[in-house]
Amino acid sequence: MPTSQALDIAADAGLDLVEVSPTAKPPVCKILDYGKFKFQAQKKANEARKKQKVIEVKEIKMRPNIDTHDYETKMKAATKFIGNGDKVKVTIRFRGREMAHINLGRALLDRVEADSAEFAKVETRAKMEGRQMMMILGPR
């Protein structure tokens, strides 16, 4: 129908004429309350935003000469974080003369990788950044 006729029908009903598909031949329009339509669309967008999971990156800091009990405690925390769906950034900080023993830090990160293999996958391999070595683990 002609646009003017559609506008008259919408005005008589007290509603708006909304173009739904402008690329179609002929263009498709709908008679509806535009304010209510925008409100419904906004509510739907808010619901979708509520349901999505925001993945956080939790950080666990260690030193190259960490003791076994401290290591187990840190790994328990990492297991909990990954179980919640978060990523874990494992950082090993080198201080002073520890910089001469970077191989100890790499061995520790290899141990972390081996211990977490069943519940996590390595997203970023171990790499040096200044005085610290880091690796990122994500949920499987």
Side-chain angles (χ1 to χ4, degrees):
M1 75 173 53
T3 309
S4 58
Q5 187 181 353
L7 283 170
D8 290 339
I9 294 171
D12 291 342
L15 299 171
D16 301 312
L17 184 68
V18 179
E19 192 173 27
V20 178
S21 178
T23 56
K25 294 287 182 192
V28 178
C29 294
K30 211 176 199 181
I31 296 174
L32 50 87
D33 184 2
Y34 187 64
K36 186 176 178 181
F37 174 74
K38 276 180 52 177
F39 177 72
Q40 294 292 343
Q42 185 180 11
K43 257 175 76 169
K44 190 185 265 187
N46 285 346
E47 283 296 317
R49 197 174 315 117
K50 268 187 208 172
K51 290 180 183 171
Q52 75 185 31
K53 170 84 170 93
V54 177
I55 295 178
E56 293 183 39
V57 177
K58 305 283 189 171
E59 185 172 17
I60 292 183
K61 294 183 180 180
M62 298 183 188
R63 297 275 307 281
N65 57 348
I66 190 168
D67 198 25
T68 54
H69 183 264
D70 296 333
Y71 172 80
E72 290 166 3
T73 305
K74 301 274 188 179
M75 286 307 294
K76 194 182 296 181
T79 307
K80 187 177 84 177
F81 293 149
I82 290 175
N84 291 339
D86 296 326
K87 292 182 181 182
V88 176
K89 178 180 178 182
V90 182
T91 305
I92 299 178
R93 175 166 290 142
F94 297 95
R95 288 169 36 188
R97 293 183 183 162
E98 291 174 349
M99 284 298 289
H101 302 285
I102 293 176
N103 56 341
L104 293 176
R106 190 163 305 282
L108 181 60
L109 284 180
D110 290 341
R111 181 176 165 201
V112 168
E113 183 179 341
D115 291 348
S116 64
E118 60 206 34
F119 59 87
K121 67 176 183 272
V122 177
E123 292 191 356
T124 306
R125 290 246 166 254
K127 63 180 178 187
M128 281 297 289
E129 289 182 354
R131 291 190 147 277
Q132 54 190 23
M133 186 179 288
M134 52 90 46
M135 170 174 81
I136 297 178
L137 300 171
R140 238 186 220 291

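- Counting only heavy atoms from C-beta outward, the side chains of V90 and V88 approach each other to under 4.5 Å.
- Linking Ile, Leu, Val, Met, Phe, Trp and Tyr residues whenever their side-chain heavy atoms come within less than 4.5 Å places M1 and L7 in a single cluster.
- Follow the hydrophobic side-chain contacts under 4.5 Å out from M75 and you never reach L104; the two are in separate clusters.
- P64 and G105 get closest at one heavy-atom pair: CB-N, 4.3 Å.
- Counting only N and O atoms by type, the side chains of N46 and R49 include a donor and acceptor under 3.5 Å apart.
- From R93, atom CZ reaches atom CE of M62 across 13.5 Å, with rounding to the nearest 0.5 Å.
- Using a 4.5 Å cut-off between side-chain heavy atoms of Ile, Leu, Val, Met, Phe, Trp and Tyr, with links allowed through other members, L15 and L17 fall into the same hydrophobic cluster.
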| message | Determine whether M133 and K127 satisfy the following criterion, side-chain contact (heavy atoms from CB on, under 4.5 Å), listing intermediate values before the conclusion. | response | CA-CA 5 Å; M133 186 179 288; K127 63 180 178 187; over 6 Å; no

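- A distance of 11.0 Å separates CG in L32 from CD in Q40, rounded to the nearest 0.5 Å.
- Of the charged side-chain nitrogens involved, at least one lies within less than 4.0 Å of a carboxylate oxygen, so that E47 and K50 count as a salt-bridged pair.
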| field | Derivation of the side-chain contact (heavy atoms from CB on, under 4.5 Å) call for V28 and E19 | value | CA-CA 6 Å; V28 178; E19 192 173 27; over 6 Å; no

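- Atom NZ of residue K74 and atom CG of residue L108 lie 11.0 Å apart, to the nearest 0.5 angstrom.
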| Hey, mind stepping through D16 and I31 against side-chain contact (heavy atoms from CB on, under 4.5 Å) and telling me if it holds? | CA-CA 6 Å; D16 301 312; I31 296 174; over 6 Å; no

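- The distance from the CZ atom of R106 to the CE atom of M128 is 8.5 Å, given to the nearest 0.5 Å.
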| Can you check side-chain contact (heavy atoms from CB on, under 4.5 Å) on K87 and L137, steps first, answer last? | CA-CA 6 Å; K87 292 182 181 182; L137 300 171; over 6 Å; no

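- Of the inter-residue distances, the one linking H69 atom NE2 with T73 atom OG1 reads 4.0 Å to the nearest 0.5 angstrom.
- Residue K121 qualifies as enclosed at atom NZ: its count of foreign heavy atoms under 6.0 Å is above 12.
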Would you give me the side-chain donor-acceptor pairs under 3.5 Å for residues 54-61, sequence neighbours excluded?
unit_1 : atom_1 : unit_2 : atom_2 : d
E59    : OE2    : T91    : OG1    : 2.7

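- Side-chain atoms of R125 do not come within 3.5 Å of backbone N or O of I136 as any donor-acceptor pair.
- A chain of hydrophobic side-chain contacts below 4.5 Å, direct or via other Ile, Leu, Val, Met, Phe, Trp or Tyr residues, connects M99 to I92.
- Summarising the geometry of F119 relative to I82, their closest heavy-atom pair is O-CG2, 3.4 Å, with the distance given to 0.1 Å.
- Linking Ile, Leu, Val, Met, Phe, Trp and Tyr residues whenever their side-chain heavy atoms come within less than 4.5 Å leaves M134 and L109 in two separate clusters.
- Around atom CZ of R95, no more than 12 heavy atoms belonging to other residues, nucleotides or ligands sit under 6.0 Å away.
- A cation-pi geometry, defined here as NZ or CZ lying under 6.0 Å from the six-membered ring centre and within 45° of its normal, does not hold between R63 and F94.
- Rounded to the nearest 0.5 Å, atoms CD (Q132) and CD (E129) are 7.0 Å apart.
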